[in-house]
Amino acid sequence: MSSDTLEKGYEPREVERRWYEFWEANGLFAAREHDSGRGYAIVIPPPNVTGVLHMGHALNNTLQDILCRYRRLRGDDVLWMPGTDHAGIATQNVVERKLAQEGTDRHALGRERFVAEVWAWRAKFGGAIIHQLKRLGASCDWARERFTMDEGLSRAVRKVFVDLHQQGLIYRGLYIINWCPRCRTALADLEVEHEEIDGNLYHIRYPFPQGGGGITVATTRPETMLGDTAVAVNPEDERYRGLAAASVILPLMNREIPIIRDGYVDMSFGTGGLKVTPAHDPNDFEIARRHDLPSLKVIDDDGRMSAAAGRFAGLDRFECRKRVVRELTAAGLLERTVPHRHGVGHCYRCKEAVEPNLSRQWFVRTKPLAEKAIAAVKEGRTRIIPETWAATYFDWLENIRDWCISRQIWWGHQIPAWTCAGCGEVAVAMEAPGVCPQCGDRRLTQEEDVLDTWFSSALWPFSTMGWPEATALLKKFYPTAVLVTGFDILFFWVARMMMMGLHFMQAVPFRDVYVHALVRDEEGQKMSKSKGNVIDPLEIIDRHGTDAFRFTLAAFAAQGRDVKMSEKRVEGYRHFVNKIWNAARFALMHVDRRRDLPPLAELDLADRWILARLNRATAETARALDAYRFNDAAATLYAFVWHEVCDWYLEAVKPALHGKRDDAAKERSLAVLWRVLHDTLILLHPFIPFVTEEIWHKLPGTEGSIMRAAFPAEGAAAPHDPAAEEEMGVLIEVISGIRNIRGEMGIPPGMALEAVVHPMTPGARGLIETHRDLIANLARLREIRITDAGERPKASATCVTPGATVFVPLGAIIDFARERERLEKELGKIDKELAAVTKKLQNQDFLAKAAAAVVAKVREQHQGLLEKHGKLSANLDRIKEYDSAS
RNA sequence: GGGCGGAUAGCUCAGCCGGGAGAGCGUCGGCCUUACAAGCCGAAGGUCACAGGUUCGAUCCCUGUUCCGCCUACCA
């Protein structure tokens, strides 16, 4: 493309749309599973089909995209597998709400039509998040997009279910589970969110049948007493040792229930009496099993009291609580009511209070699967980064309980089990059996329940690649390189993928798990609709551009710390993107073609210096990205581009580019400038893909997309060049010193100054002589005189740098008081440092015990500080002299 | 109840292996200098939460305390 001039300010909108289309149209995101290159795969954490892009997605996918683009530049064959999750309960809820608005409900429609309705909804709205991911610049291989309910993945789900069932790792049974009365489905333990609620502890007396006294129990949920089938005390409890009675009367119900003894009961809690409600409390359920007690379900699936609750039947459970309390009070059986704060479980989808309920459900026996998942991380086959999350992972897996996988909803993978009306046998199979395998009866009905959404998600790394077929994709890309995820789904998803991957693929699903932080609002609050503090990534993108937004996310993605997002921060990085744009704009005003780099020895100092810095920035960026230190990489690039390329290099080569030096110098700098811009664009591309692609195409001598470019090899442009870095450092110090004088002394910027320079060493002298034009230009001097140490111009301001002492004669405009103040301030700093260093050198222990290199370094510092101190104070004395003389 | 993370400049945060405290924003002063005022130049600002300990040396390692945040758990 031609190097037409760039617009004055960067306008992201049109550029982003154009290049994204270009990338897609040219197949630049496509994974090449048949190529021989090194495979690098990431599977996307599939967003819910109901999802709209939020900050969490934005961070998660930006980081993945950075890694994918980086690995492509490094020459890997990259597969970024995209897709969405059917999100059983969430999606069903959305469609049910829609039906409600239309004045109907799913029961009126019936299962088949309802499910068709959900598919229709998905076809219409389910692609929203995909479009949004594209606006983020996500370079997923969209042609391979999968959905957890699509044909292939559903087949994988059935296969896994059947296999686990055959292996005895899936079973069905009547257990107490978490029930959401609103969603009307079972929930896994994980799907229950505990929240501390201020409630009451009710002390209720259960009288003995023969009257007189009784046992007082304490409960936070008095309504469940209607379903009590025993009262338990601790066998060690002295208070109940010699108890004559073997039973009590359950108040309100007037049922006689036994007194049992069980070690579970905590003697110190309440009165030491525990009511046992096996159908509505997991602990009581266990006690009932030990003591062979019956269960009585008094709360129905809709959260209302059941027929078993007698005259309370039909009441809402919380209404019932009030009624029970009232009646107990009236009966004089409520002995005390004590305020009590306790955890109450809520449905993670709809926030309804969960009801522990007795129910027949399907479970996965997780222990054997968990053991393998633990071992894989212990043995380092999968690394968790940052490592601190490994402890959390182990803790959960080591205490894992069986996983309730059946859900009483309609949207999901229907469980592949059929019950025979003839013999009652349950057949589990991949496809519907025509006849009962036991008795040959044809009357088979499929299990109504569907599987937990996370069941299919757990297969994601291999199901998306075509498992159970042995595909080329699986061969090349499994195990995947890394899973990038938030810690909130470490258990829901990551641990379960580990279990399933190891069990069915005999290999870990990913070599690394990178756990990133949560995105919070400015105040560190979790963003939520109810709090109204949600920042919409798409609005941010509209206002500031995708690149600025992505760079912000990367810059704040420090390991182990949450990202606090605010628009202001994005604004700051928009400035950075604009800075790059303008630097390129400047460069492209001069660079008309690609030039090969001349031999290093022929280059000017500034050229060698920027190449050395580029080399360092390259190495540092690669190192940081390889270690998932996104913020380090971002900070490195920010500082390099802004403070080295723009602040120093471009300024340094301006005279050459403007033809104020000879043609050869211009040619040399043009070659270096091309190289710096070229390589820098590549380094930046993973973070800010759009603006870099745009500039890339304006840069002469590039071909095709920057996505096809090669990440600069270390030392390719220039080897490490500490000499150039040090020499340039000397000049920078001199220039900064003069600028400091100008600023501090209030000298108008327009006024050209003269400087008298005393170099410290012959080397510095040569350096400064050679680069007097550079110094004069950047420090705005009209003349530089290089002299020996003896000469001290009168009425001048001074600065002392490691390479030279600089005097700026100010003549009539000098303000002696101001210069004194300036020097005294400087001396004060030196004194402080000198004191610290001197103290160290006077410490015998330090000299004896510290590493030799450290001691040498401190001595050197000491020497330098002494010299500087000497010069500064000499100059201060001189100023005082002049001052009093004038 | 158990566990984890945080406390560093006015704000938001970096600081890997212990050896002279950094950035961005904000503030102050000066500049429309021919890429960029979304910019340039200069400056100010910190007992690295507190108390001990280890060490020649601690923002960094150890112990304890305080204050925040999070995760986890079947004490009714």
Side-chain angles (χ1 to χ4, degrees), chain A residues 5-6 8-10 176 189 194 201-202 217-221 224 232 264-266 268-270 273-277 281-286 340 342-343 356 386 388-389 391-392 395-396 399 487-488 490-491 517-518 520 522 524-526 555-556 558 560-564 566 568-569 571-590 623-624 627 629 631-632 635 638-639 643 646-647 650-651 654 658 736 739-750 780 825 832-833 836-837 840 843-851 853-855 857-858 861 865:
Chain A
T5 37
L6 272 50
K8 197 164 173 183
Y10 175 59
I176 193 146
D189 292 334
H194 290 271
L201 193 59
Y202 300 92
V217 300
T219 179
T220 54
R221 307 191 51 209
T224 63
Y264 169 77
V265 181
D266 181 352
S268 63
F269 191 91
L274 173 73
K275 60 190 275 306
V276 181
T277 322
D281 185 285
N283 297 309
D284 295 4
F285 178 76
E286 293 300 321
H340 185 72
H342 60 139
T388 150
W389 288 108
T392 310
D395 185 61
W396 188 70
N399 300 301
F487 57 79
D488 49 332
L490 196 59
F491 307 139
L518 241 53
R520 300 174 179 280
E522 248 173 308
Q525 298 280 314
K526 204 168 169 171
F556 281 95
R561 175 106 73 160
D562 288 341
V563 178
K564 288 184 199 161
S566 85
K568 233 162 153 208
R569 283 161 212 165
E571 239 175 87
Y573 287 107
R574 186 185 62 173
H575 297 172
F576 177 58
V577 172
N578 197 53
K579 186 77 178 174
I580 293 166
W581 177 260
N582 275 296
R585 181 164 171 258
F586 170 76
L588 292 173
M589 287 173 178
H590 300 94
R623 188 200 65 83
R629 302 184 68 91
N631 60 318
D632 280 0
Y638 187 96
H643 301 306
C646 293
D647 288 352
L650 293 184
E651 295 303 326
K654 266 179 184 174
H658 288 141
S736 298
R739 284 174 174 175
N740 175 279
I741 289 172
R742 196 185 275 279
E744 295 279 279
M745 299 296 287
I747 298 163
R780 299 182 141 255
K825 190 177 78 186
K832 248 169 105 180
E833 284 179 47
V837 173
K840 265 191 188 180
N843 182 342
Q844 290 308 312
D845 282 331
F846 173 71
L847 298 175
K849 293 180 184 173
V854 173
V855 176
K857 198 174 151 198
V858 173
Q861 281 170 7
L865 288 167

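We name chains A, B, ... by the order of the sequence lines, and we start the count at 1 in each one.
- The separation between F269(A) atom CZ and rG1(B) atom C1' is 13 Å, rounded to whole Å.
- Spacing between atom CZ of R780(A) and atom C1' of rG30(B) amounts to 12 Å, rounded to whole angstrom units.
- In this structure, the CG atom of D488(A) is 10 Å from the P atom of rU72(B), given to the nearest Å.
- The interatomic distance linking L274(A) (CG) with rC74(B) (P) rounds to 16 Å, in whole Å.
- When the nearest nucleotides of RNA chain B are assigned to Q861(A) and R742(A) by heavy-atom distance, the more 5′-ward of the two goes with Q861(A).
- If you measure from atom NE2 of H340(A) to atom C1' of rA76(B), you get 8 Å, rounded to the nearest angstrom.
- rC56(B) sits 23 Å from rA51(B) when the P atoms are compared, rounded to a whole Å.
- A salt bridge links K654(A) with E651(A): at least one charged nitrogen is closer than 4.0 Å to a carboxylate oxygen.
- By the 30° and 60° cut-offs, the orientation of the rings of H658(A) relative to F586(A) is perpendicular.
- For a distance-only test at 3.5 Å, the side chain of E744(A) fails to qualify as a donor-acceptor partner of the base of rA44(B).
- By the 4.0 Å N-to-carboxylate-O rule, K275(A) lies too far from D281(A) to be salt-bridged with it.
- Looking at heavy atoms from C-beta onward, L847(A) lies in side-chain contact with Q844(A) at the 4.5 angstrom threshold.
- With a 3.5 Å ceiling on both atom-pair distances, rC48(B) lacks any Watson-Crick or G-U wobble partner.
- Side-chain proximity of K857(A) to the nucleotides rG42(B), rG19(B), rU12(B) is greatest for rG19(B).
- If you take atom P in rC28(B) and the same atom in rU34(B), they sit 26 Å apart, rounded to whole Å.
- Comparing rC25(B), rG20(B), rA35(B) by their closest approach to the side chain of K568(A) singles out rC25(B).
- Nucleotides rC40(B) and rU8(B) have their C1' atoms positioned 30 Å apart, rounded to a whole Å.
- When distances run from any side-chain atom of F586(A) to the nucleotides rG42(B), rA35(B), rG19(B), the shortest one goes to rA35(B).
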Check the pair F269(A) / L201(A) against side-chain contact (heavy atoms from CB on, under 4.5 Å), numbers first and verdict last. CA-CA 11 Å; F269(A) 191 91; L201(A) 193 59; 3.7 Å; yes

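- You'll find that the side chain of R569(A) is closest to rU12(B), out of rC36(B), rA76(B), rU12(B).
- In this entry rA7(B) has rU66(B) as its Watson-Crick or G-U wobble partner, both defining distances falling under 3.5 Å.
- Base pairing annotation: rG1(B) forms a Watson-Crick or G-U wobble pair with rU72(B), both donor-acceptor distances under 3.5 Å.
- A close approach under 4.0 Å does occur between a side-chain nitrogen or oxygen of R629(A) and OP1 or OP2 of rG15(B).
- Look at CG on D632(A): it is 17 Å from P on rG22(B), rounded to the nearest Å.
- Checking rC40(B), rG20(B), rA35(B) against every side-chain atom of D647(A), the shortest atom distance belongs to rC40(B).
- rC62(B) sits 31 Å from rC74(B) when the P atoms are compared, rounded to a whole Å.
- The phosphate of rC41(B) (OP1 or OP2) has no side-chain N or O of N740(A) nearer than 4.0 angstrom.
- The shortest distance between side-chain heavy atoms of D284(A) and I176(A) does not fall below 4.5 Å.
- Protein atom CZ of F556(A) is 15 Å distant from nucleotide atom C1' of rG15(B), rounded to whole Å.
- Closest approach to the H658(A) side chain among rC36(B), rU34(B), rG24(B) is made by rU34(B) (side chain taken as heavy atoms from C-beta onward).
- A donor and an acceptor atom sit less than 3.5 Å apart, one in the side chain of K579(A) and one in the base of rC36(B).
- One interatomic measurement links the two molecules: CH2 of W396(A) to C1' of rA73(B), which rounds to 14 Å at whole-angstrom precision.
- Nucleotides rG24(B) and rG19(B) are separated by 23 Å at their P atoms, to the nearest Å.
- Pairing for rU27(B) is with rA43(B), a Watson-Crick or G-U wobble pair whose two hydrogen-bonding atom distances lie under 3.5 Å.
- For rA35(B), one of the phosphate oxygens OP1 or OP2 lies less than 4.0 angstrom from a side-chain nitrogen or oxygen of K654(A).
- Comparing rC25(B) with rC16(B), their C1' atoms are spaced 26 Å from each other, to the whole Å.
- Nearest to the side chain of D281(A), among rG39(B), rA35(B), rA76(B), sits rA76(B).
- The minimum heavy-atom distance between P748(A) and R742(A), with the atom names listed, is O-NH1, 3.1 Å.
- Each of Y638(A) and A555(A) lies near RNA chain B, and the nucleotide nearest A555(A) is the one positioned closer to the 5' end.
- Base pairing analysis places rG22(B) opposite rC13(B); the two distances defining the Watson-Crick or G-U wobble pair are each below 3.5 Å.
- In this structure, the nucleotide among rA76(B), rG24(B), rA35(B) sitting nearest to the side chain of H643(A) is rG24(B).
- Residue K825(A) places no side-chain atom within donor-acceptor reach of the base of rA44(B), judged by atom type and a 3.5 Å distance cut-off alone.
- A syn base is found at rC17(B): its glycosidic angle is within 90° of 0.
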